[in-house]
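One structure below.
Residue numbers begin at 1 in each chain, while the letters A, B, ... track the order of the sequences.
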Amino acid sequence: MSNPANPAENALPKGYEPADVEARWGKHWEDSKTFSPDPAEVLTGGKQPYSIVIPPPNVTGALHMGHALNITLQDILCRFMRQQGKSVLWVPGTDHAGIATQNVVERQLKKEGKKRDDLGREKFIERVWEWKKEYGDRILHQIRRLGASVDWTAERFTLDEGLSRAVREVFVRLFHEGLIYKGNYIVNWCNRCHTALADDEVEHAPRKGKLYQIRYPLSDGSGDLVVATTRPETMLGDVAVAVHPEDERYTFAIGKMVTLPLVGTQIPVIADAYVDREFGTGALKITPAHDMNDWALARTHNLPVIAVIDDKGLMNENAPAAYQGLTKNACRDKVVEDLEALGLMVGIADHDHSVGECYRCKSVIEPHVSEQWFVKVAPLAKAAREAVPSQTRIVPAQWEKTYYEWLDNIRDWCISRQIWWGHRIPAWTCEACGELIVQTEDPTSCTKCGGSLTQEDDVLDTWFSSALWPFSTLGWPADTDKLKAYYPTSVLVTGFDILFFWVARMMMMGIHFQEQVPFHHVYIHALVRDEQGKKMSKSTGNVIDPLEMIGKYGTDSLRFTLTAFAAMGRDIKLSEKRIEGYRHFVNKIWNSARFALMNMPEGGGAPKAELSDATGLANRWILHRLEEVKDEVESATLEYRFNDIAQSLYRFIWNEFCDWYLEMAKGDLYGADEGLKDATRKVLLTVLSETLVLLHPVMPFVTQEIWSVLPGIKDRELALQPYPERRPQFKSADIARDMAFFQGVVGSVRTIRTELCIDPAKKLPLIIDTTSGGDNALRVLAENVYLIQQLARIESADIGPGKTGPRASGTAVVEGSRIFVPLKGIVDFGAELTRLDKELGKLDKQLAALKGKLSAPGFAGNAPAEIVAAEQAKLAGLEDAKAKMAELHERLKSALDEG
RNA sequence: GGGCGGAUAGCUCAGCUGGAAGAGCAUCGGCCUUACAAGCCGGAGGUCACAGGUUCGAGCCCUGUUCCGCCUACCA
């Protein structure tokens, strides 16, 4: 098989080996800075910018399928846009992920028997940086494996120096604009992490709990109220009992006082329409310090706030002495016990409800009153809301509603965290005069009295720095060329799970500080789940590791799989089998390229013919289809229909280029006509090379590897090739129709052969009557008779109007032309008769349906004329086919009857 | 409680503005045909969840119902 005279034949190994190819090209792309654009090409060079900032993965993270999908889609867009001549900047980077990273390092310390307090703030932070240096790049290396065409020279970290400047600038400006304030407020508190959490950092999980009914006696002895609660221990901090103002059961009590059991204080009965009369007893105890809603009620009713649980989850000095120092759970038990002893516990029932948990450590969240920093979001949210969809389009648009919903109900954003790893709040308090100083540069002494200063201990919520990502990564607050050239970014690609956390906040910050939205489009993709549709998680053990898949099947297989499945609404159920399946496709491409290379001119040169020299059905058809595929891939990419890109290319390459074109081209390539051979080589090389360009955004590695050995290619850097030029002159509906007819004829012979169990190697005679098809049918068949012989294994063909085969033939009707495969002495005709019966049955079914439609009242009158005409033509075709099939059936039957 | 998504071939899913249902995988039969057995050729397989409605015509639009999933919320 090997042909030493033709070096091209040996240029590609027999099977595609991804590992070596990926390592080689990955390194090349990075070393040559292929993907590092110069802002000047936008600012003065007239190129259009296209920019994306990567959703920065947590430094603690490892690459999972969600990243793989997210990065694949972005890479497709970036590589495609480069082909379109844009100046493409794709900024990579990582997020410092405050609480998550701090927890990782704390766990590490714990193994050494230490706590963070043992090290102290500075040492601890040093320790986290060390950790970050050692492990923080791991995820970036994993991103490289995916072939991401990011600009590695532009890489950023949310805690690096430049971004810290941006964070300080934003904080200080917002503070002085009155949009950041410090205040006492009830926040979600994690006793384990010892920090406040934003509303959206709290996850709600169903838990089995109990609903306790407790009797509170009225102080004047006129009766009592029974309240319902799931947390009896909080009653120690109760300041009121609330009932619905129109609840007749309780009108008598409104305004009176009750005596708080176990504590003995007098607290009022108040009326508020918030209370649900249907729930529990209709009487609600109010504990402002330990319940979000009670906090809100207490504010409207001017009630005091009494905290009885401290920031570690222990009962504090405000609780009666008997309970002080107990954990909240121990306290609950004791309170229940004591109430039962007093006969005040009316009932305890099982009660399922949802409980807030820390999204990092899963501890139960304790609403807790403390002094925190907040962003006043209302004005920012308003602008962010109005920008969609006019300035920023969310794709798919269904997510707009979710986005609005969240912005409409947004509360002030608690941005302070009581941890150490993060951006420390740039605010100082004077120890002498109490002055609060907020500024970007560290002050040395109080600007007012010269006293010494103490900086805030708290750091900012991680999302505060992430919210600045689209402009901080471009150099802001400096007025850089990058910022001028690439802001606003073109699109943000992300999963819907962080639409709130992140996207909405970037919108707010971007609009506020750049006066422009941070991105023109937001493309929301699905989440990757396992085969059963469950979330992949380490604890469930259902994780499909992208790196493992890359190792087994190659990056291109994984990328193509994810692309093909990207259309899913909300989740992608991924299984290893699919990735394995698409590896076959990669191999198919590889082998089609090997075939092409084996058939290039000897000596490794390119064919000399022009495309316009190409004649023949196969050449003209594949060029026609190539034009259509260019259109399809382009429009699908521009519209974020990633699955359509994959489908269009898959079908074209496998079902058309390989299955039909290559098989048909063999006739020319193996033939003696040198002119025809060279013209076909030209078409073959053109279609292959342009298809590689089209496919490159999805499968960068295998396409580049093949590209680099194609003959006659000047620029070996496939990633920098322009999108293939259009050749509208090759589009032809006539060619498409002729090809369909040709395929029908070949197919019908193949079907007869297989269905009648004829030896595939047996060459058969063929007779075709082209009376109905006319000159065109005759021409198509006559011109391509050698191809029919080749593809359908025919020994001799007799084609023309009025031709008829022997009665003992396998038969079919293709677009009016009658096909005969004389079979006398070859097979048992009973099988053919059965087959014809079946075919007739199918035709009958179709005819009945079509006739029904055409004769339906009003169809002819109401349907558009072109539809009616089309349906009638279809009917005529079917009736013709039916008549011919019936006749053929009769002929065969009579032949059989005669024996 | 509010909102969203899904229900199409055995499995996983396509089906863009309504014109007689498609793919991949799996399955069955036949092939080692000189790019590829990770392949080639052929076959079988569906009252598009259910009930109404609009329309000449509905997988697609409208209403309701049932199941599944997700997001969100202040039933203590």
Interatomic distance at [atom1], [N] relative to [M], whole Å:
N: B:G24; M: B:C32; atom1: P; result: 24 Å
N: B:C60; M: B:A73; atom1: P; result: 34 Å
N: B:C48; M: B:A58; atom1: P; result: 12 Å
N: B:G3; M: B:C62; atom1: P; result: 16 Å
N: B:U12; M: B:G69; atom1: P; result: 15 Å
N: B:A23; M: B:C40; atom1: P; result: 15 Å
N: B:C25; M: B:G45; atom1: C1'; result: 14 Å
N: B:U65; M: B:C4; atom1: P; result: 14 Å

Worksheet item: Salt bridge between A:Glu233 and A:Arg332, side-chain N to carboxylate O under 4.0 Å?
Response: yes
[options]: which one has an atom nearest the side-chain heavy atoms of [X]?
X: A:Arg578; options: B:C36, B:C70, B:U12; result: B:U12
X: A:Ala863; options: B:C56, B:U12, B:C36; result: B:C56
X: A:His584; options: B:C74, B:G39, B:G42; result: B:G39
X: A:Arg651; options: B:G3, B:A23, B:C56; result: B:A23
X: A:Lys666; options: B:C56, B:A76, B:A35; result: B:A35
X: A:Asn643; options: B:A76, B:C36, B:A14; result: B:A14
X: A:Thr229; options: B:U12, B:A76, B:A35; result: B:A76

Worksheet item: Centres of the A:Phe642 and A:Phe560 rings: under 6.0 Å?
Response: no
Heavy atoms only, 4.0 Å cut-off, all strands: where does [X] land among base, sugar-phosphate and nothing?
X: A:Lys285; value: nothing
X: A:Glu663; value: base
X: A:Asp659; value: sugar-phosphate
X: A:Lys851; value: base
X: A:Tyr670; value: sugar-phosphate
X: A:Cys658; value: base
X: A:Lys552; value: nothing
X: A:Lys845; value: nothing
X: A:Glu639; value: nothing
X: A:Leu297; value: nothing
X: A:Trp654; value: sugar-phosphate

Distance below 4.0 Å between [X] side-chain N/O and [N] OP1 or OP2:
X: A:Asn591; N: B:A35; value: no
X: A:Lys577; N: B:C13; value: no
X: A:Lys573; N: B:C13; value: yes
X: A:Ser592; N: B:C36; value: no

Taking atom types as modelled, is there a side-chain donor on [X] or [Y] under 3.5 Å from an acceptor on the other?
X: A:Glu576; Y: A:Tyr553; value: yes
X: A:His301; Y: A:Asp272; value: yes
X: A:Lys285; Y: A:Thr234; value: yes
X: A:Tyr16; Y: A:Asn591; value: no

Fill in: Nearest-nucleotide 5' precedence on RNA chain B, A:Tyr582 against A:Ala596
A:Tyr582
Response to the item:
Result for salt bridge (charged side-chain N to carboxylate O under 4.0 Å, His left out) between A:Asp844 and one of A:Lys838, A:Lys851, A:Lys882 points to A:Lys882
Fill in: A:Arg651 atom CZ: more than 12 heavy-atom contacts under 6.0 Å
no
Worksheet item: Between CD1 of A:Ile270 and CG of A:Leu297, what distance do you get to the nearest 0.5 Å?
Response: 6.0 Å
Discussion item. Counting Watson-Crick and G-U wobble pairs with both distances under 3.5 Å, what is the dot-bracket string for RNA chain B, 5' to 3', using [ ] for crossing pairs and | for pairs to another strand?
Written reply: (((((((..((((.....[..)))).(((((.......))))).....(((((..]....))))))))))))....
Discussion item. Distance criterion of 3.5 Å, no angle test: do you see the side chain of A:Lys588 paired donor-to-acceptor with the base of B:C36?
Written reply: yes
Practice prompt. Kindly say whether, by distance alone, the side chain of A:Glu755 makes a donor-acceptor pair under 3.5 Å with the base of B:A44?
Written response: no
Discussion item. If you apply the rule side-chain contact (heavy atoms from CB on, under 4.5 Å), what do you find for A:Val522 with A:Val395, and how did you get there?
Written reply: CA-CA 6 Å; A:Val522 174; A:Val395 182; over 6 Å; no
